[in-house]
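Take a look at the structure below.
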Amino acid sequence: MSSVTPKFPHMLHGGDYNPDQWLNSPDILKKDIELMKAAHINCVSVAIFAWAKLEPEEGRYEFGWLEDVINNLYENGIYTVLATPSGAKPRWMSEKYPEIRRVSKEGVRDLSGERHNHCYTSPVYREKVKAMDTALAERFAKHPGVILWHLSNEYGGICYCDKCQAAFREWLKKKYGTIDALNRQYWTDFWAQTYNSFEEVQAPAPNGSRSVHGLFLDWMRFTTDQVGDFIKMERDAVKAVDPSVPVTANLMYDFICYNYFKWKDILDVVSWDSYPVWRGSAAADVEEAQNHALWHDVMRSLKQKPFLLMESCPSATNWQPVSRLKRPGMQLAASMSAVGHGSNSVQYFQFRKSRGSSEKFHGAVVDHVGHGETRAFKDVTQVGERLELLDRALYNSEVKPDVAIVFDTENRWAMEHAQGPRNCGIHYAEAVRDQYRALWQMGVPVDIVDEECDISKYKLVLAPMLYMLRAGFEEKLKAFVKDGGTLVGTYHTGLVNENDLCYLGGWPAGGLRELYGIWNEEIDGLWDGEENSIVTKDGRSYRVTELCELIHAEEAEVIGTYGSDFYKGQPAWTVAEYGKGKAYYVAARAGVDFYSDFLGALIPGLDCKRALPGEVPFGVEACLRETDTERFVFLQNFTGEPKTVSLPEGYIDLRTGEAAGKLELRGYDSVTIAKAIE
Ligand code: GLA
Ligand code: ZN
């Protein structure tokens, strides 16, 4: 595996550090380094929002303070993740150059202030950013303490300015060639919306086009590409000076303003910011741990290599509905969960609590009290000690699943924007999570892929609600099963092409009707509170809700039928042989219980990797990282109750180095065990 930070090939422990807010307090800056060392912090992310200090007035760069900070850190064994500051434009620039300020979908240009709100097309902003990034790289890229570029911060949002829309029209011309081709794909004869030229195309707007779904999808695709182009500009600026320093951009949880999969080749390392909403109750905390584990898996799957947990909260955030304190042990458990899913770091927002403005009450490693005698500081220190203990073993270990779940962003955009068959919530993400939860509880490692990914290496692929078929993915699915793979598809699959145009001739389209051996005639939307069931011949019954497809089993064998309503007795769960493999079809929204039983029975026969051979108690997460010679299993108890986990022969507890046959996990406990691979 290529190291994520070659200059410092170790597990990273640290986080955002904003000394630019404390330059008038040199005593605090000195104290910071003392406290960083006490907390076993080995790297900090610096200058993320520092443009006003780096360039106090146009053309006057002030890097001396930053050089002192980086040198002092390095002299104390603390490395720097250096940011490009484009995430927050300085006020003087925003006032002088209005074009860099974003325009809303209502057509209103921002005033100065706030952050993450610049235009991604503005030539002025791109020129200013490129100049700043180049200057920072020329000054610091070769510094032995600078190990990674943190490009901007949480790229986010959409600009509707004239420049962005002009760029969009150029993007459309490249995609369609002629306006007739665009009209056909957008079905614009509908409601007389025919475009006579590309110049007539405007971005979707609340007082403009809202019902041309192909336009919406293309606008979202363009935005992903335009921001991706901005990121490339930043990346190329710093790499032009020294290509050896890797670049990352910190991504976000369940953030579908962009299709992150499109950026995987732009970044050297994927990083993201994870802020679970912990509630202190077992059921809620286990679900939240699963929700964030899924996104850890997304971030690892993007580049199929370790990622970095760039931000997490060392205490309670200030922006969640309620700032719940973490229960004792939760900080370490959540941190080790990230590592178990493939993170090579645990980093926080932020090191020292800001004194003013909106984040003065956001959790930090060092609170306003200014010392380390706090619960949060001690929790962080415990994480640092555990990472140091595990560093040798873990840094080169990887997560290599046999199972993948297809979770395609463009498919999600299309379903969530379409009208019908359930506008109160089509719940694609929820359907993915239900399948994921079953695998999480079984300790089965999972990759999260999209329709442009290669799925040939897996043994089992789950492809729920694949409403939109794009990038030829249906051919990959057929080849996968034909070659012996096992596929699980569901209702609402194979209805439209990439521009949300319905296929004619029967669903699922794209040859999936033959693959699954079923024909989907129509779908029944259920109101909240309504339900049906899938009943099997041996008497099992599983509750289904929301969407029930009325399918015809053509070549498929029926495993389960509906338990009620006018379609009682009709097929609801089927399996078809296809080539050397099998394709299952679940025609309704079934829950975690169904998938736990279904996949629990299926997986052992497929010999898919699992963290431990047997079941683990409810709420205990078991993650697996491997090298060629060792297996590392991370066990986190996300319930507040004690849990016992029996282990097979040969494992040692890395905390003690002792053989471990049975583990008694306290509430929110986390243990890492290892075993040599014969
Ligand atoms: C985001 C940002 C940080 C900070 C945190 C607060 O992740 O990247 O700058 O605002 O949220 O949780
Ligand atoms: Zn713009």
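For the single chain, residues carry numbers from 1 onward in sequence order. Just so you know, these numbers use all the heavy atoms, side chains as well, and skip hydrogens, waters and symmetry mates. Since the model is a prediction, treat every value here as computed from it, not as a measurement. Just follow the structure's listing: the first ligand is 1, and inside any ligand the first atom is 1.
Asp254 CG: more than 12 foreign heavy atoms inside a 6.0 Å radius. The environment of Arg109 atom CZ is dense: over 12 non-hydrogen atoms of other residues, nucleotides or ligands sit within 6.0 angstrom.
Contacts between Gln350 and ligand 1, counted as non-hydrogen atom pairs separated by less than 4.0 Å, are absent for every part of the residue. When heavy-atom distances to ligand 1 are checked against a 4.0 Å cut-off, His362 comes that close only through its side chain, counted from C-beta outward.
For atom 12 (O) of ligand 1, the choice among Trp272, Tyr253, Phe349, Trp319 with the nearest heavy atom turns out to be Trp319.
Geometrically, ligand 1 and Asn318 share no nitrogen or oxygen pair separated by less than 3.5 Å. An N or O contact shorter than 3.5 Å links Arg115 to ligand 1 by distance. Among the atoms of Thr317, none of the N or O lies under 3.5 angstrom from an N or O of ligand 1.
Ranking protein heavy atoms by distance to atom 4 (C) of ligand 1, first place goes to Glu359 OE2, 3.3 Å. In this structure, the protein non-hydrogen atom closest to atom 2 (C) of ligand 1 is Glu311 OE1, 3.4 Å.
Close approach to Asn153 involves these atoms of ligand 1, each under 4.0 Å from a residue heavy atom: 2 (C), 8 (O), 9 (O). Numbered from 1 in the order shown, with element, the atoms of ligand 1 that lie under 4.0 Å from a heavy atom of Glu154 read 1 (C), 2 (C), 7 (O), 8 (O). Set against the non-hydrogen atoms of Asp273, the atoms of ligand 1 under 4.0 Å away are 7 (O), 8 (O). Remark: ligand 1 atoms within the under-4.0 Å shell around heavy atoms of Phe49 are 9 (O).
For the atom pair NZ (Lys89) and NZ (Lys128), the distance works out to 14.5 Å, reported to the nearest 0.5 Å. In this structure, Asn250 CG and Glu311 CD are separated by 5.5 Å, a value rounded to the nearest 0.5 Å. Taken from CG in Leu148 to CG in Asp268, the straight-line distance is 8.5 Å, to the nearest 0.5 Å. Going from atom NZ of Lys30 over to atom OG of Ser25 covers 14.0 Å, rounded to the nearest 0.5 Å.
Rounding to 10 degrees, one finds that the Zn ion (ligand 2) sits at the corner of an angle of 110° between Cys161 SG and Cys119 SG.
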- Item | side chain to side chain contact (heavy atoms under 4.5 Å, CB included) assessment of Trp171 paired with Gln226 | CA-CA 9 Å; Trp171 186 94; Gln226 193 69 348; over 6 Å; no
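Proximity of the aromatic rings of His292 and Trp272 is defined here by a centroid distance below 6.0 angstrom, and this criterion is met. Tyr120 has its ring centre no less than 6.0 Å from the ring centre of Tyr125.
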